[in-house]
Amino acid sequence: MKPLRRRALADLDIAEAIDHYLNESPDLARRFVDAAEQAFRHIQRHPGTGSTRYAHELNLPGLRSWPLRRFPYLVFYREGADSIDVWRVLHGQRDIPNWLAADH
């Protein structure tokens with residue numbers, strides 16, 4: 001299993017989501033963190049299972065996304081030779097192509 005490395009923007013995305021859910025309920029924030037951790041474990045075990053939809057749309061070969069269970073967020077990542085690079089964790093209602101295009 002390859003190590004997972006999160007970019008600073010991915011950590012910021014997660015922190016913003018946690019803050020949002022903490023305002024609603026500490027339990028909801030905890031469930032979001034659990035869902036993110038489950039998604040990261042899945043990506044580490046099965047990096048090739050994520051969707052390549054945005055890779056084609058943005059012409060970013062190797063970019064994949066994986067949804068968080070029960071939350072409207074997607075984890076965007078690329079598999080490298082030695083690790084998995086998590087770029088962003090974005091809400092599905094955002095203009096994802098614009099958010100990702102600005103990052104690469």
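Below, each value reflects all heavy atoms present in this structure, side chains not excepted, and no hydrogens, waters or symmetry copies.
- Separating the OG1 atom in Thr52 from the CG atom in Leu58 is a distance of 11.5 Å, to the nearest 0.5 Å.
- With a 4.5 Å cut-off on side-chain heavy atoms, Arg64 and Arg78 do not count as touching.
- A salt bridge does not link Asp34 with Arg31: every distance from a Lys NZ or Arg NE/NH1/NH2 to an Asp or Glu carboxylate oxygen is 4.0 Å or more.
- How far NZ of Lys2 is from OG of Ser83: 7.5 Å, rounded to the nearest 0.5 Å.
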message: Could you walk me through whether Leu60 and Trp87 satisfy the side chain to side chain contact (heavy atoms under 4.5 Å, CB included) test, starting with their C-alpha distance in whole Å, then the side-chain angles of each, then the deciding distance to 0.1 Å, before giving a yes or no?
response: CA-CA 12 Å; Leu60 292 171; Trp87 285 23; 3.9 Å; yes
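- Here the NE2 atom belonging to His56 is positioned 8.0 Å from the OG atom belonging to Ser51, to the nearest 0.5 angstrom.
- Side-chain contact between Met1 and Arg45 is present, with heavy atoms from C-beta onward closer than 4.5 Å.
- Across Ala55 and Gly62, no two heavy atoms sit closer than the pair CB-N, 4.5 Å.
- When all heavy atoms are compared, the tightest approach of Arg6 to Ala10 is CB-CB, 4.3 Å.
- Counting all heavy atoms, side chain and backbone alike, Pro67 lies closest to Ala39 at O-CB, 4.3 Å.
- Side-chain contact, Glu24 with His20: a donor N or O sits under 3.5 Å from an acceptor N or O.
- By the 6.0 Å contact criterion, CZ on Arg70 is open, its count of non-hydrogen atoms from other residues, nucleotides or ligands being 12 or less.
- By the 6.0 Å contact criterion, CG on Asp82 is open, its count of non-hydrogen atoms from other residues, nucleotides or ligands being 12 or less.
- Checked for salt-bridge contact, Arg7 and Asp85 meet the test: a charged N lies under 4.0 Å from a carboxylate O.
- Counting Ile, Leu, Val, Met, Phe, Trp and Tyr side chains that sit under 4.5 Å apart, directly or through other members, Leu4 shares a hydrophobic cluster with Ile14, Ile18, Tyr21, Leu22, Leu28, Phe32, Val33, Phe40, Ile43, Trp66, Leu68, Phe71, Tyr73, Val75, Tyr77, Ile84, Val86, Val89.
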